[in-house]
Amino acid sequence: MIDSHAHLDDEAFDEDRDEVINGLYENGIDFIVNIGCDLKSSEKCFELSEIYENIYATVGVHPHDAKTYDDDLEKRLIELAGGKKIVAIGEIGLDYFYDNSPRNVQKEIFKRQLALAGKLKKNVVIHSREASQDTFDILKDAHEKYDFTAVIHCYSQSVEMLKEYLKMGDYISLGGAVTFKNSKNPKEVAKVVPLERLLLETDCPYMTPVPFRGKRNEPKYVNLVAEYIAKLRDMTKEDLVKITDSNTKRFYNIS
Ligand code: NI
């Protein structure tokens with residue numbers, strides 16, 4: 001199966017990155033999409049996608065690092081986005097939980113990267129935390145201006161909000177949080193989201209699903225996310241994964 005959102009460039013994999021990547025297939029993972037967060041990780045994403053057959057990647061600047069975004073950085077992103085296995089712009093968005101960049105800067109850079117995605121004809125990967133309404137408003141406005149589809153990764157917003165995203169043609173992605181005892185929204189959402197709009201992810205090394213919570217997350221654990229959601233929906237894991245894998249390929253335009 002596919003892990004649609006991983007961060008194997010993260011320093012948590014510095015000791016054994018090669019081993020983890022080369023072991024993907026025997027752990028049941030056909031390929032992963034490695035997601036960029038800042039310029040350095042976008043460079044690394046590009047590099048990994050060039051070296052390894054089973055890695056596709058995205059480039060973009062996370063809201064945490066919005067304050068680092070300038071014209072030179074954008075120029076470099078455009079170059080990287082030209083890579084033949086760079087399949088989207090992301091992760092971009094808003095994070096009002098950490099507020100690592102001022103909110104007005106986060107909003108400005110989010111809009112700017114949506115415009116960039118429109119120009120480059122790429123889909124976008126969205127990070128949104130404690131910023132539900134602003135994320136939605138900015139995305140809605142961008143949908144009116146540019147032609148793209150978004151995936152709201154690690155979706156933790158309400159079912160009501162989900163309906164609004166679905167109306168705009170967007171996707172959501174669920175990961176380890178769905179297995180956490182105290183996570184209400186992801187479980188509710190997992191039960192009702194139309195299957196053709198759902199992607200599965202790990203967000204590794206973060207968000208490790210139960211029963212490995214607290215340990216380093218890895219792409220192979222996307223299997224546990226699939227198992228959990230399949231049970232919630234009263235279907236087999238195989239049937240679920242068949243649909244979500246084909247969604248991932250469609251969303252990222254991977255054949
Ligand atoms: Ni992520």
Side-chain angles (χ1 to χ4, degrees), residues 2-25 29-70 72-93 95 100-101 109-110 112-114 116-117 119-127 148-154 171 173 175 199-207 216-222 248-249 251-255:
I2 303 164
D3 180 1
S4 74
H5 187 121
H7 300 280
L8 291 187
D9 58 288
D10 191 279
E11 60 184 12
F13 293 101
D14 278 354
E15 301 289 311
D16 62 350
R17 182 170 298 108
D18 215 44
E19 221 173 294
V20 170
I21 296 171
N22 289 323
L24 286 173
Y25 191 72
I29 304 300
D30 300 313
F31 66 83
I32 67 154
V33 184
N34 204 69
I35 309 292
C37 295
D38 56 17
L39 181 57
K40 194 171 150 236
S41 85
S42 296
E43 301 267 8
K44 190 83 187 167
C45 281
F46 173 84
E47 200 183 300
L48 291 172
S49 76
E50 292 282 307
I51 298 173
Y52 297 99
E53 203 180 340
N54 53 358
I55 297 192
Y56 291 82
T58 72
V59 296
V61 176
H62 192 285
H64 288 344
D65 292 290
K67 58 183 180 235
T68 66
Y69 200 97
D70 59 16
D72 285 343
L73 189 153
E74 185 169 278
K75 256 187 221 151
R76 185 64 189 137
L77 279 188
I78 293 170
E79 285 170 11
L80 294 170
K84 57 186 184 306
K85 286 166 76 195
I86 303 301
V87 290
I89 298 298
E91 54 188 290
I92 62 176
D95 192 313
N100 286 353
S101 288
I109 300 311
F110 183 25
R112 211 168 142 179
Q113 291 185 93
L114 287 168
L116 180 68
K119 193 170 110 184
L120 300 176
K121 302 198 187 322
K122 300 266 189 204
N123 285 343
V124 296
V125 181
I126 305 294
H127 171 101
F148 69 89
T149 309
V151 60
I152 321 296
H153 116 87
C154 208
Y171 289 63
S173 166
L199 310 188
L200 302 181
E201 64 166 85
T202 59
D203 201 21
C204 66
Y206 316 105
M207 302 296 265
R216 182 183 75 175
N217 201 1
E218 289 187 28
K220 63 183 176 188
Y221 294 145
V222 71
T248 301
K249 288 182 186 165
F251 180 80
Y252 286 119
N253 204 7
I254 296 168
S255 50

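Predicted model, so just to flag it, every value in this text is computed and none were measured.
- Side-chain N/O atoms of Asp10 and Tyr206 include a donor and acceptor closer than 3.5 Å.
- Among the candidates His153, His64, Gln113, the single residue satisfying the side chain to side chain donor-acceptor pair (under 3.5 Å) test with Glu91 is His153.
- With salt bridges taken as basic N to acidic carboxylate O contacts below 4.0 Å, one links Glu74 and Arg112.
- Taking 4.5 Å as the limit, every side-chain heavy atom of Phe13 sits out of range of all side-chain heavy atoms of Ile21.
- In the model, Ser4 has no side-chain atom that pairs as donor or acceptor with a side-chain atom of Glu201 under 3.5 Å.
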side-chain contact (heavy atoms from CB on, under 4.5 Å), that's the test. Do Asn54 and Ile32 meet it? Break it down for me.
CA-CA 6 Å; Asn54 53 358; Ile32 67 154; over 6 Å; no
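- Between Asp16 and Arg216 there is a salt bridge, since at least one side-chain N of the basic residue sits less than 4.0 Å from a carboxylate O of the acidic one.
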Output, in order, the C-alpha distance, side-chain angles, deciding distance and verdict of side-chain contact (heavy atoms from CB on, under 4.5 Å) for Tyr252 and Asn123.
CA-CA 7 Å; Tyr252 286 119; Asn123 285 343; 5.9 Å; no
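- Annotation: the span from Asn34 atom CG to Leu48 atom CG amounts to 5.5 Å, rounded to 0.5 Å.
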Begin with the C-alpha distance, continue with both residues' side-chain angles, and end with the deciding distance and a verdict on side-chain contact (heavy atoms from CB on, under 4.5 Å) for His62 and Asn100.
CA-CA 10 Å; His62 192 285; Asn100 286 353; over 6 Å; no
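- Inter-residue side-chain proximity for Ile254 and Thr248 is flagged as unmet; no heavy-atom pair is nearer than 4.5 Å.
- Nearest heavy-atom pair, Ser42 versus Gly36, reported as atom, atom and distance to 0.1 Å: OG-CA, 4.1 Å.
- Glu43 has no carboxylate O lying under 4.0 Å from a charged side-chain N of Lys40, or vice versa, which leaves the two without a salt bridge.
- Separation of atoms OG1 (Thr202) and CG (Asn217) is listed at 5.0 Å; rounding is to 0.5 Å.
- Taken from CG in Leu200 to CD1 in Ile2, the straight-line distance is 9.5 Å, to the nearest 0.5 Å.
- Without hydrogens or angle criteria, Lys122 side chain to Ile86 main chain gives a donor-acceptor distance under 3.5 Å.
- Side-chain contact between Leu24 and Tyr52: absent, with no pair of heavy atoms (C-beta onward) separated by less than 4.5 Å.
- Of the inter-residue distances, the one linking Ser173 atom OG with Phe251 atom CZ reads 9.5 Å to the nearest 0.5 angstrom.
- Side-chain atoms of Thr68 and Leu73, non-hydrogen and from C-beta on, do get closer than 4.5 Å to each other.
- Side-chain rings of Phe31 and Tyr56 approach one another, their centers coming within less than 6.0 Å.
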Starting from the C-alpha separation in whole Å, work towards a yes-or-no answer on side-chain contact (heavy atoms from CB on, under 4.5 Å) for Thr58 and Ile89.
CA-CA 5 Å; Thr58 72; Ile89 298 298; over 6 Å; no
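- The aromatic rings of His7 and His5 stand perpendicular to each other, their planes meeting at an angle above 60°, with 30° marking the opposite boundary.
- In this structure, CD1 in Ile92 is found 13.5 Å from CG in Asp65, a value given to the nearest 0.5 Å.
- No side-chain heavy atom of Tyr171 sits less than 4.5 Å from a side-chain heavy atom of Ile152.
- Between Ile55 atom CD1 and Ser49 atom OG the span is 8.0 Å, to the nearest 0.5 Å.
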